[in-house]
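Basis for what follows: all heavy atoms, side chains included, without hydrogens, waters or symmetry-related copies.
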Amino acid sequence: MLLAVDVGNTQTHIGIFSGDEIVAQWRTSTEPRRTDDELALVFRDFLSLADLSFSRQVTGVVIASVVPTLTGALKEMVERYFHFDPVVIEPGTKTGMPILTDNPREVGADRIANAVAAFDIAGGPVIAIDFGTATNFDVVSEGGDYLGGAIAPGVMVSAGALWNSAAKIQKVELVAPKSVIGKSTIECVRSGVLIGAASMVEGMVERIQDELGAQAKLIGTGGLAPLVLADANVTVKLEPTLTLLGLKIIYERNVDID
């Protein structure tokens, strides 16, 4: 079995693959100061929910992390408790996808995993859209080259900035607004945040496709993807485990590397 770990700025997504199937997955808050021993306790508890342990059945670990302090702690945890080296997506890791950016080393591991999985699912050109702490657009050419993309503030980051900066605007639950034209402050916020995010997606997709000179397939992921995309006039295939699928593909491209 393969343990895939996607460490984001806000949440860490953990998945267990048996063959090509994800048989268990969990999310936990990302805590940058956790030590390798603390991480071992967290992973032990999650694995126990699937009747697994450090010493049974898990034969590989792959990690994508955008939190440098946790990257090192996770590597140490795997080495100490699983007794083998993990595959960590970092410069030098074989991804099977040429990175055609000015500085390939600075592209986030999660973005590479999303691009690899999106191309594997849909072919190219394809745009992977990840609704996380940031809203990432990652663009892959028809031939499978990673071309770059765009990074926008995430939905909750934007909403949080609004609530924290405007004294008279209260924090509201983000549910689908009744209409674009809100009749109350709460509905105005919901419209502005969610339909505004959907409109941003529409505009970015249109502009990216204009630059590409081609219609691209669209793959969406992230917890708020369904809520935002419900109001977007674009057709997006939702893949909630896109990043984990990309990690699995990259792992398989590296397991024979010493």
Side-chain angles (χ1 to χ4, degrees), residues 4-28 62 64 66 97 108-142 144 146-147 149-159 173-177 190-191 193-209 212 214-250:
V5 185
D6 171 31
V7 181
N9 288 295
T10 304
Q11 289 189 340
T12 296
H13 192 187
I14 304 164
I16 291 284
F17 285 88
S18 178
D20 292 330
E21 181 184 359
I22 296 180
V23 295
Q25 57 179 305
W26 310 278
R27 291 185 181 273
T28 184
V62 59
V66 298
M97 177 171 286
D110 56 334
R111 298 180 65 194
I112 298 300
N114 284 343
V116 167
F119 184 74
D120 184 73
I121 291 167
V126 63
I127 305 169
I129 311 171
D130 190 348
F131 296 87
T133 305
T135 299
N136 293 330
F137 298 80
D138 294 295
V139 185
V140 183
S141 72
E142 183 176 3
Y146 179 85
L147 301 179
I151 303 173
V155 174
M156 294 306 299
V157 169
S158 296
E173 181 185 5
L174 290 180
V175 297
R190 287 171 175 163
S191 173
V193 171
L194 293 174
I195 297 180
S199 299
M200 184 269 289
V201 170
E202 294 169 4
M204 288 300 296
V205 166
E206 180 180 359
R207 288 170 179 262
I208 290 169
Q209 293 187 143
L212 283 173
Q215 290 292 113
K217 281 82 75 177
L218 307 176
I219 307 288
T221 194
L224 286 175
L227 191 58
V228 174
L229 294 174
D231 285 307
N233 293 319
V234 290
T235 301
V236 182
K237 178 179 174 61
L238 289 176
E239 289 288 350
T241 59
L242 186 71
T243 313
L244 297 182
L245 293 170
L247 292 182
K248 176 182 177 293
I249 293 167
I250 293 172

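Across every non-hydrogen atom of Q25 and H13, the tightest pair is OE1-NE2, 2.7 Å. Smallest separation of non-hydrogen atoms from A152 and M200: CB-CE, 3.9 Å. For the pair T243 and A113, the tightest heavy-atom approach, listed with the atom from each and the gap, is O-CB, 3.8 Å. The two residues V139 and G149 have their closest heavy-atom pair at CG2-CA, 4.2 Å. Contact detail for L242 and A117: the closest heavy-atom pair is O-CB, 3.3 Å. Between S141 and F119, the shortest heavy-atom contact is O-CE1, 3.9 Å.
Checking side-chain atoms of T221 against main-chain N and O of E239 turns up a donor-acceptor pair under 3.5 Å. A distance-only check finds no donor-acceptor pair linking the side chain of Q11 to the backbone of R27 [under 3.5 Å]. Between the side chain of K217 and the backbone N or O of I127 there is no donor-acceptor pair closer than 3.5 Å. With hydrogens and angles disregarded, a donor-acceptor distance shorter than 3.5 Å links the side chain of S199 to the backbone of I195.
For the pair N136 and D110, the minimum side-chain heavy-atom distance is below 4.5 Å. Contact annotation: the side chain of M204 never approaches that of T135 to less than 4.5 Å [non-hydrogen atoms, C-beta and beyond]. Contact of the L218 side chain with the V201 side chain is not registered, since no non-hydrogen atoms from C-beta on lie closer than 4.5 Å. Side-chain contact between W26 and I16 is present, with at least one heavy-atom pair separated by less than 4.5 Å. The side-chain heavy atoms of V236 and I219, taken from C-beta on, include no pair separated by under 4.5 Å. Looking at V62 and K248, their side chains never come closer than 4.5 Å, going by heavy atoms from C-beta outward. Between T133 and V66, every side-chain heavy-atom pair lies at or beyond the 4.5 Å cut-off. Looking at heavy atoms from C-beta onward, F131 lies out of side-chain contact with L227 at the 4.5 angstrom threshold.
Here the straight-line distance linking atom CD1 of I249 with atom CG of L244 works out to 11.0 Å at 0.5 Å rounding.
By the 6.0 Å contact criterion, CD on E142 is open, its count of non-hydrogen atoms from other residues, nucleotides or ligands being 12 or less.
Not counting sequence neighbours, the partners of D130 by the side chain to side chain donor-acceptor pair (under 3.5 Å) test are N114.
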